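Data first, discussion second: the structure below is written as C-alpha cells.
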Amino acid sequence: MSICSFIIIQLFLLIPAYRSTKILPLKTMEENEKLEFGHKKGRVVLFKLLIGISAFLIIASQVLPTRGQYGPGLLLGAAISILLSFFLILPVWLPRWLTWLLPYGQKIVGQEYYVAIKNLIPQVRKNSLIISTISALMIIAVFGSSLLKSVEANEQTYLKNEFLTPIVVDTRLNDNTKLDSQELMEAAEQLPSVQHASSISTLGIVEIPIKDGWASFDYALVDFKRLHDQKLMPHVKGTDLDTTIVISKDFAKKNHLKVGQTIQLGLYSNEKQEVEPKGMYKVGAISDYMLETADVYFDLSNKDFTDVQFYRLFVSADQVDHAVKELEGLKNQFPELKISSYDQSVKESSEMIYQRYGIFIAVIAILVLSTMIGVFNSLANNIYSKRKEYAILRTMGVKPKGIRKIVLTQVTTYMIIGLCMGITMGITLTYILALVDLKGVTAIDYDVILSIIGIMLLFSTLLFSYIGNKMASKSISLEIMNDNK
C-alpha cells in the first residue's frame, strides 16, 4: 500500500514538474491563464452522478441481505467515487471559493491579499494538480494514521472486555474435562497474593418452553458467590442455589421474566432425540452484563446442566506481579494453564502498535519530503515566471514587504486549500470504510495530521519568504526587461 501511494504521489507531481521545465513567454502564459477550465458543465454533471452513485452504494452496503458478503466492496466503491468526484469538481469550485474569500482576506491581510488572489484565480487550470497532490498526501496520511489509531483503540477496548479482573487464567487445551473448576478456584484462593478467584465454563444449550415447542439459549456454570464478590454479577436472592438462575436483561425481556419468578427449563437428549424437562428454576437476579455472552447462569452446585467444561478463571489481586508468579506455581498441578495479566497484555499490544507506527511514520516522512520537493519546485518556478509582473507592481508603489506578502499569500493559499481538502476527504474516506464494522471504534489521529500541517506550512513560509525577499531586491529595470527565460 505504501509503495502504491508513493507512486500515485509521484505521478501527481510529474505533470507540473514537467510543465515547470518549459516556462513560456509572458504573453502566452497570460493567454493560457485567461482560458476557462475545459468541460466545466460536464464536470459538474459527472460530480453529481458520482455523488449519487456513492450514496446508493453506501445505502446498499447497509440494507441489502448480502451486505455481509458484498458490503466491503460496495463501501470501497463508494469511497473511490467520492474521491474522484471531488478531484473533478475542485477546478470548478476553487475560483468561486477564492472569489468569495477576496473581501474578507482584504480586510484582514490588506491590499496585497486582493492582488495575490486576483492573480491566482486565473491559474486554477495550470496549478490544480499542485493542490490535488497536497490533498492526495493528506488523504493517505489521514486514512493511514486513523486506521492505526482505530486498531489501537479497538485493541484497548478488546483487552478491557477480556480482562474484567487484573489476571485471567485460560487453558491451552481444547478438552478440559479433567480440569475441575472448583478445585482450581480453591487452589488459587489459597495463594497469599490472590484476593478472589471465580470461574466460568464453556457455553452449553438450555431449552426454554414456548408456544410451538422449545427455544434454545446459551448457559454457563459459575460460582454465584465468588462472581458476586468480584462485582461481576449482582447479588442472588434465595438460598437454594441448585434451582436458582441468573439471566441477562435481554433474556428476561424476551421471556417476560422478573426476579422471583419461576420458569421450566430443559436439556436436549441426544439419545432420545428430544428435549427432557429438568424442572422449575427461580430467577435469582437479572444481570446487565453476562460473561462470554451467556443468557443464563447456573451455579456450580447444579447437577442437571453439566454438559460444559472449564473455560476461564478470573483472579483479583492487589499485587498483580506477585500473584502472577504464584499462579505460575499452579502449573505443577495444572500444567495446561495459561496465565495472563492485563498490564502485560497492554504492554505487548502497545509494542506491536508502536512498531507499526514506526513503519508508517517513516513512509509518511518520505511522502511528505517528496511532495514538498515537487510542490515547492512547481510553485517556485511559477513565481519566477512572473518576475516582470512583480517588477511592475513595484513601479506602482508596492514595497518589498508587500511583494513578499503577495508571494506568501499565494503559496499559503495553495497549501491551505490542498491540506483542508485532503483532511476532509481523508476523514470522509475513513468513516465510509468504518461502516464495514459498526461495532468497532473509529479514531482520528490528530497528532499526525497537525504535525504534517505544521511541517508543510513552516517550510513553505521559510522558503518562500526567502524567494519573496529575493524577488523584491532585484533591479526593477532589469526585471521589466527580463523575458522570463
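Heavy atoms only: backbone and side chains are in, while hydrogens, waters and symmetry mates are out. Just so it is clear, the structure is predicted and the values come from calculations on it, not from any experiment.
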salt_bridge(E276, K278) N-O dist < 4.0 Å:
yes

I'd like to know if K331 and E328 make a salt bridge, using a cut-off of under 4.0 Å between side-chain N and carboxylate O.
yes

What's the separation between atom CD1 in I432 and atom OG1 in T442, rounded to the nearest 0.5 Å?
12.0 Å

Quick one: do F87 and I131 satisfy side-chain contact (heavy atoms from CB on, under 4.5 Å)? Show the steps, please.
CA-CA 10 Å; F87 279 119; I131 297 175; over 6 Å; no

Just so I know, are the side chains of V411 and L463 near enough to count as touching, which here means a heavy-atom distance under 4.5 Å?
no

Is the backbone N or O of L367 less than 3.5 Å from a side-chain atom of S370, with the two atoms forming a donor-acceptor pair by type?
yes

Straight-line distance of L313 CG to L179 CG, nearest 0.5 Å:
9.0 Å

Between T244 (side chain only) and G284 (backbone N and O only), is there a donor and an acceptor less than 3.5 Å apart?
no

Heavy atoms, side chains only, cut-off 4.5 Å: are L137 and M456 in contact?
yes

Quick one: are the ring centres of Y297 and Y219 less than 6.0 Å apart?
no

Looking only at atom types and distance, does a side-chain atom of N154 sit under 3.5 Å from a main-chain N or O of V441, one as donor and one as acceptor?
yes

Side chains of D445 and I449: closer than 4.5 Å at any heavy-atom pair?
no

Atom OG in S248, atom NZ in K253: separation rounded to 0.5 Å?
11.5 Å

Determine the interplanar angle of the W97 and W93 rings, folded into 0 to 90°, and report it as parallel if under 30°, tilted if 30 to 60°, perpendicular if over 60°.
tilted

Considering all heavy atoms of both residues, which atom of I58 and which atom of A78 are nearest to each other, and what is their separation?
CG1-CB, 3.6 Å

Can you tell me if D218 uses its side chain to pair, donor with acceptor, with the backbone of L203 under 3.5 Å?
no

Hey, does the side chain of E189 reach the backbone of Q195 with a donor-acceptor pair shorter than 3.5 angstrom?
no

No-hydrogen, no-angle side-chain donor-acceptor test under 3.5 Å, Q182 and E186
yes

Run the ring-centre check on Y281 versus F298 and record whether the distance is less than 6.0 Å.
yes

After noting the C-alpha distance and the side-chain angles of D223 and M185, does the key distance pass the side-chain contact (heavy atoms from CB on, under 4.5 Å) rule?
CA-CA 10 Å; D223 187 296; M185 284 189 294; 4.1 Å; yes

Is it the case that more than 12 heavy atoms not belonging to Y289 sit under 6.0 Å from its OH atom?
yes

Between D229 and K225 (salt bridge meaning N to carboxylate O under 4.0 Å), is one present in this structure?
yes

Less than 4.5 Å apart, side chain to side chain, heavy atoms only: is that true for K149 and V448?
no

From Q309 CD over to S181 OG, what is the distance, rounded to the nearest 0.5 angstrom?
10.0 Å

I'd like to know if the side chain of N255 and the backbone of L257 have a donor-acceptor N/O pair within less than 3.5 Å.
no

Could you walk me through whether E292 and R312 pass the salt bridge (Lys or Arg N to Asp or Glu O under 4.0 Å) check?
CA-CA 10 Å; E292 307 304 329; R312 182 166 288 175; 3.4 Å; yes

Return the minimal non-hydrogen interatomic distance between A220 and I200, and the atom names on each side.
CB-CG1, 3.9 Å

Classify the side-chain pair E348/Q344 by whether it contains a donor and acceptor separated by less than 3.5 Å.
yes

Nearest heavy-atom contact between A141 and I364 is CA-CD1, 3.8 Å

Regarding E183 and Q333, is there a side-chain donor-to-acceptor distance under 3.5 Å anywhere?
yes

Under a 3.5 Å distance rule, please check whether S349 uses its side chain to pair with a backbone N or O of V346 as donor and acceptor.
no

Residue pair D299 / S301, side-chain donor-acceptor N/O under 3.5 Å:
yes

Go through the side-chain N and O atoms of E336 and T171 and say whether any donor and acceptor fall under 3.5 Å apart.
no

Using the rule given for side-chain contact (heavy atoms from CB on, under 4.5 Å), can you reason through I453 versus I416, listing the C-alpha separation, both sets of side-chain angles and the distance that settles it, and then say yes or no?
CA-CA 9 Å; I453 293 174; I416 291 177; over 6 Å; no

Residues S146 and T430: closest non-hydrogen pair is CB-CG2, 3.8 Å

Verify whether one side chain among T243 and D240 offers a donor that lies under 3.5 Å from an acceptor in the other.
yes

Any carboxylate oxygen within less than 4.0 angstrom of a Lys/Arg side-chain nitrogen, looking at E155 and K160?
no

Give the C-alpha distance, both sets of side-chain angles, the deciding distance and a yes or no for side-chain contact (heavy atoms from CB on, under 4.5 Å) between L98 and I417.
CA-CA 10 Å; L98 295 176; I417 292 175; 3.8 Å; yes

If you define the side chain from C-beta out and look only at heavy atoms, does anything of S132 sit under 4.5 Å from L90?
yes

Taking the six-membered ring for Trp and the single ring otherwise, decide whether the centroids of F459 and F376 are under 6.0 Å apart.
no

I'd like to know if the side chain of S316 pairs up with that of Q230 as donor and acceptor (distance under 3.5 Å, no hydrogens or angles considered).
yes

Counting C-beta onward and ignoring hydrogens, is there a side-chain heavy-atom pair between E207 and I205 closer than 4.5 Å?
yes

Does the side chain of S61 reach to within under 4.5 Å of the side chain of Y70, using non-hydrogen atoms?
no

Shortest non-hydrogen contact from D304 toward L267
O-CD2, 3.8 Å

Got a second to check how far D288's CG is from D250's CG, nearest 0.5 Å?
10.0 Å

Is the shortest heavy-atom distance from the side chain of I423 to the side chain of I139 under 4.5 Å?
no

Would you please say whether a donor-acceptor pair under 3.5 Å links the side chains of Q273 and Y268?
yes

Heavy atoms of I339 and I167 approach each other most closely as CG2-CG2, 4.0 Å

